[in-house]
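None of these values were measured; they are calculated from a predicted model.
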Amino acid sequence: FAEFMSSCVVVVPIYTLELGFSERVALLNGMDRLGGYQFFFLHPKSIDPAAILASLSLPAARIYSYRFGAVEDHWLRSTRSYSSLLFQGWFYRLFEEWQYLLIFQQDAWVLGTGQELAQWIAKGYTYIGAPWTGQLGLDTPDVGVGNGGFSLRNVAAMIHIRSEEHTSELQSQFRISYAVFCLKKK
């Protein structure tokens with residue numbers, strides 16, 4: 001599964017240096033379970049990357065591969081602004097060197113392994129994420145996927161979907177919040 005490890009980056013949005021116990025434990029669990037993959041800590045420009053590492057207290061015995069990427073603070077200030085960030089084409093262009101990105105928020109718990117992630121990558125889907133169901137009070141019993149806190153996304157497809165010519169077409173056909181949640185095999 002080594003060829004898949006270089007084709008996917010694990011993107012961890014860091015909103016604050018004050019991670020709670022459960023967030024820190026979930027993040028360290030994910031880093032251990034997916035340790036062969038590159039981690040990309042996405043953080044507000046106002047947070048120093050060295051402070052992020054210090055706040056995580058990564059075990060010295062374990063070697064992780066990671067990078068940092070800063071965005072304007074407003075993108076990570078609220079759930080709404082973060083959701084808007086995930087609809088920006090330039091966001092996905094940050095990850096063009098990889099075929100896939102796995103969004104990994106600190107409220108997710110990784111049960112599988114890096115090898116299992118490689119198996120999902122091999123399936124060739126555009127997007128894999130948790131479902132939204134009729135439990136949200138919507139009329140339809142199953143409205144698709146979109147809960148992106150732990151989601152696998154094809155980078156090139158996300159860039160294409162978020163391109164100018166696609167955006168206006170999709171906005172006229174669907175509510176924009178459903179635009180990128182089309183599952184389709186290549």
Side-chain angles (χ1 to χ4, degrees), residues 1-2 4-87 91-92 94-95 98-123 125 127-133 135-136 145-155 158 180-181:
F1 80 103
F4 293 107
M5 290 171 47
S6 63
S7 70
C8 181
V9 62
V10 181
V11 178
V12 181
I14 301 288
Y15 308 93
T16 178
L17 292 176
E18 299 169 16
L19 295 178
F21 175 77
S22 61
E23 293 169 318
R24 187 177 171 279
V25 170
L27 182 53
L28 292 173
N29 166 69
M31 291 181 76
D32 281 340
R33 304 235 343 95
L34 303 172
Y37 290 87
Q38 171 97 53
F39 281 79
F40 188 100
F41 293 102
L42 184 72
H43 63 90
K45 284 185 175 182
S46 64
I47 295 180
D48 178 18
I52 294 170
L53 285 180
S55 73
L56 293 177
S57 304
L58 296 175
R62 180 77 187 197
I63 297 176
Y64 299 99
S65 176
Y66 54 84
R67 291 187 197 179
F68 294 95
V71 294
E72 295 296 332
D73 287 15
H74 74 273
W75 289 114
L76 296 172
R77 196 166 283 143
S78 69
T79 304
R80 174 169 257 182
S81 61
Y82 172 69
S83 293
S84 294
L85 171 66
L86 297 181
F87 282 97
F91 170 75
Y92 294 100
L94 295 172
F95 308 103
W98 294 280
Q99 184 179 2
Y100 281 90
L101 67 85
L102 176 71
I103 300 281
F104 174 42
Q105 295 176 6
Q106 293 88 22
D107 61 351
W109 190 261
V110 180
L111 300 173
T113 63
Q115 189 164 2
E116 288 173 275
L117 176 56
Q119 291 169 351
W120 283 105
I121 292 168
K123 292 180 185 295
Y125 286 107
Y127 180 97
I128 300 172
W132 278 339
T133 66
Q135 296 173 348
L136 296 174
V145 296
N147 187 353
F150 190 80
S151 58
L152 185 64
R153 301 164 188 231
N154 179 291
V155 175
M158 295 296 113
V180 299
F181 306 121

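Among residues two or more places apart in sequence or in another chain, the ring pair (Phe, Tyr, Trp, His ring centres under 6.0 Å) test is passed with Trp98 by none. With sequence neighbours left out, the side-chain contact (heavy atoms from CB on, under 4.5 Å) criterion links Ser84 to Trp75. For Phe39, the ring pair (Phe, Tyr, Trp, His ring centres under 6.0 Å) test picks out no residue, with sequence neighbours left out. For Arg77, the salt bridge (charged side-chain N to carboxylate O under 4.0 Å, His left out) criterion is met by no residue, not counting sequence neighbours.
Side-chain atoms of Tyr15 do not come within 3.5 Å of backbone N or O of Thr79 as any donor-acceptor pair. Side-chain atoms of Ser7 never come within 3.5 Å of backbone atoms of Gln99 as a donor-acceptor pair (strictly under, hydrogens ignored).
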Criterion side-chain contact (heavy atoms from CB on, under 4.5 Å) on Leu85 and Leu42, from CA distance to verdict: CA-CA 11 Å; Leu85 171 66; Leu42 184 72; 3.8 Å; yes
For residues 102-112, please give each side-chain donor-acceptor pair under 3.5 Å, one per line with the distance, not counting sequence neighbours.
residue : atom : partner : partner atom : Å
Gln105  : NE2  : Tyr82   : OH           : 3.2
Gln106  : NE2  : Pro13   : O            : 2.8

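No side-chain heavy atom of Phe40 sits less than 4.5 Å from a side-chain heavy atom of Leu101. Using a 4.5 Å heavy-atom threshold, the side chains of Leu76 and Ile47 count as separate. Residues Cys8 and Leu152 form a side-chain contact, since some pair of their non-hydrogen atoms from C-beta on lies under 4.5 Å apart. Within the 4.5 Å cutoff, the side chain of Glu23 has no heavy atoms near those of the Leu27 side chain. Residues Leu17 and Ile52 have side chains in contact (heavy-atom distance under 4.5 Å, counting atoms from C-beta outward). In this structure, the side chains of Arg153 and Leu86 come closer than 4.5 Å at one or more pairs of heavy atoms.
If you take OG1 on Thr113 and CG on Asp32, they are separated by 13.0 Å, rounding to the nearest 0.5 Å. We find the CG-OH distance between Leu117 and Tyr37 to be 4.0 Å, quoted to the nearest 0.5 Å.
Taking a 6.0 Å sphere around CZ of Phe68, one finds it holds more than 12 heavy atoms contributed by other residues, nucleotides or ligands.
Within the structure, side chain to side chain donor-acceptor pair (under 3.5 Å) contacts touching residues 39-51 (residues at least two apart or in different chains) are Lys45-Glu72, Ser46-Asp73.
Between Phe91 and Phe95, a ring centre-to-centre spacing shorter than 6.0 Å is recorded.
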